[in-house]
Amino acid sequence: MAEAANIAAILLAAGTSQRFGSDDKLLAPLAGEPLALHAARRIVELAPRRRIAVCRDDQDALARLLAAHGFEIIANPHPEHGLSRSLACGIAEAARGPDMAAMVCLADMPFVGAGHLRKLIARFDAVEAPVVASTNGDATMPPALFARALFEKLRSGEGDRGGKALLAGAALVHANADELADIDRPDDLPG
């Protein structure tokens with residue numbers, strides 16, 4: 001049975017934010033703090049064995065902010081290659097540890113609560129449910145939990161669909177659409 005204490009939580013925070021404009025969306029203010037910090041705090045609250053953040057640069061402002069919250073920082077030197085490249089970087093780092101699974105969270109999903117992350121862990125079973133994903137009833141999406149046996153497959157994905165094929169057969173944990181909303185454009189931020 002999975003517990004937070006035997007998983008690695010991976011925060012993907014290396015996107016190019018093309019639809020957001022010239023500003024770094026992950027540093028955009030939301031409720032008085034940088035957008036990415038909301039997702040990071042939920043991971044800290046979950047208390048996994050390891051907290052890994054994949055950033056564009058291991059020395060930029062976002063990386064320093066996440067490191068200050070106990071995240072190991074992994075640089076993705078090629079974020080233009082899509083989400084799968086960041087996923088591969090994070091999974092490669094998780095594979096170096098003893099964890100039985102990796103939980104993948106997106107830094108631009110600030111409304112996901114720690115309660116939802118705990119439900120993903122509770123639903124996980126390395127044999128019966130090796131992939132557990134979130135759903136709003138319409139789509140299957142991160143946050144998602146992947147058994148260690150799937151790490152190699154996750155490392156070989158391409159483009160923005162690295163783990164998408166594995167999500168197709170996932171056990172699902174429902175959350176409302178507001179909780180699973182992501183921020184892509186400046187007008188996605190609540191006023």
Side-chain angles (χ1 to χ4, degrees), residues 2 4 6-20 24-27 35-36 39-40 42-44 46 48-67 69-110 112 117 120-121 124 126 129-134 139-171 180 182-184:
N6 57 23
I7 68 164
I10 302 169
L11 183 65
L12 301 183
T16 57
S17 306
Q18 292 175 346
R19 291 175 283 182
F20 200 81
D24 184 340
K25 78 173 176 182
L26 297 179
L27 292 175
L35 173 69
R42 298 306 77 79
I43 291 171
V44 170
L46 185 66
R49 180 192 323 248
R50 294 179 72 194
R51 297 189 295 263
I52 300 165
V54 181
C55 298
R56 287 188 298 258
D57 181 331
D58 61 2
Q59 297 298 317
D60 67 11
L62 179 60
R64 290 191 306 273
L65 177 69
L66 294 172
H69 285 82
F71 283 81
E72 302 169 48
I73 306 301
I74 304 301
N76 175 1
H78 299 289
E80 69 278 4
H81 292 171
L83 188 65
S84 64
R85 180 69 184 129
S86 290
L87 180 60
C89 291
I91 290 293
E93 182 57 33
R96 289 179 179 74
D99 303 296
M100 69 182 302
M103 178 178 286
V104 177
C105 301
L106 304 183
D108 67 354
M109 293 179 75
V112 175
L117 299 180
L120 293 170
I121 293 170
F124 176 81
V131 180
V132 179
S134 303
T140 302
M141 64 187 76
L145 194 62
F146 299 93
R148 183 177 196 86
L150 299 171
F151 284 8
E152 193 53 41
K153 283 185 181 181
L154 290 168
R155 290 175 61 183
S156 62
E158 295 180 2
D160 280 336
R161 303 215 174 257
K164 196 73 164 178
L166 292 174
L167 292 182
L180 297 177
D182 64 338
I183 305 298
D184 287 327

Counting C-beta onward and ignoring hydrogens, is there a side-chain heavy-atom pair between [X] and [Y] closer than 4.5 Å?
X    : Y    : value
I183 : P110 : yes
C105 : L117 : yes
R49  : I7   : no
L27  : L35  : no

Using every non-hydrogen atom in the two residues, find where [X] and [Y] come nearest and quote the distance to one decimal.
X    : Y    : value
A14  : P79  : O-CB, 2.9 Å
P48  : I43  : CD-O, 3.2 Å
F151 : A101 : CZ-C, 3.9 Å
L167 : T140 : O-CG2, 3.6 Å
F124 : F146 : CE1-C, 4.2 Å
L11  : A39  : CD1-CB, 3.9 Å

**Asked** So, are D108 and K25 salt-bridged, with charged N and O less than 4.0 Å apart?
**Response**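 Yes, D108 and K25 are salt-bridged.
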Could you tell me whether a side-chain N or O of [X] sits under 3.5 Å from a main-chain N or O of [Y], the two making a donor and an acceptor?
X    : Y    : answer
R148 : D99  : yes
R51  : H69  : yes
S134 : P143 : yes
R56  : A13  : no
D24  : L26  : yes

**Asked** Can you check side-chain contact (heavy atoms from CB on, under 4.5 Å) on V131 and L145, steps first, answer last?
**Response** CA-CA 6 Å; V131 180; L145 194 62; over 6 Å; no
**Test log, rule side-chain contact (heavy atoms from CB on, under 4.5 Å), inputs C55 and L66** = CA-CA 9 Å; C55 298; L66 294 172; 3.9 Å; yes
Once rounded to the nearest 0.5 Å, what's the spacing between atom [atom1] of [X] and atom [atom2] of [Y]?
X    : Y    : atom1 : atom2 : answer
L83  : L106 : CG    : CG    : 6.0 Å
M109 : D182 : CE    : CG    : 6.0 Å
F71  : L62  : CZ    : CG    : 10.0 Å
M103 : I121 : CE    : CD1   : 4.0 Å
D58  : N76  : CG    : CG    : 11.5 Å
I73  : I52  : CD1   : CD1   : 10.0 Å

**Message:** Checking R50 against E93 for the salt bridge (charged side-chain N to carboxylate O under 4.0 Å, His left out) test, could you report, in this order, the C-alpha distance in whole Å, the side-chain angles of both residues, the deciding distance, and whether it holds?
**Reply:** CA-CA 10 Å; R50 294 179 72 194; E93 182 57 33; 2.6 Å; yes
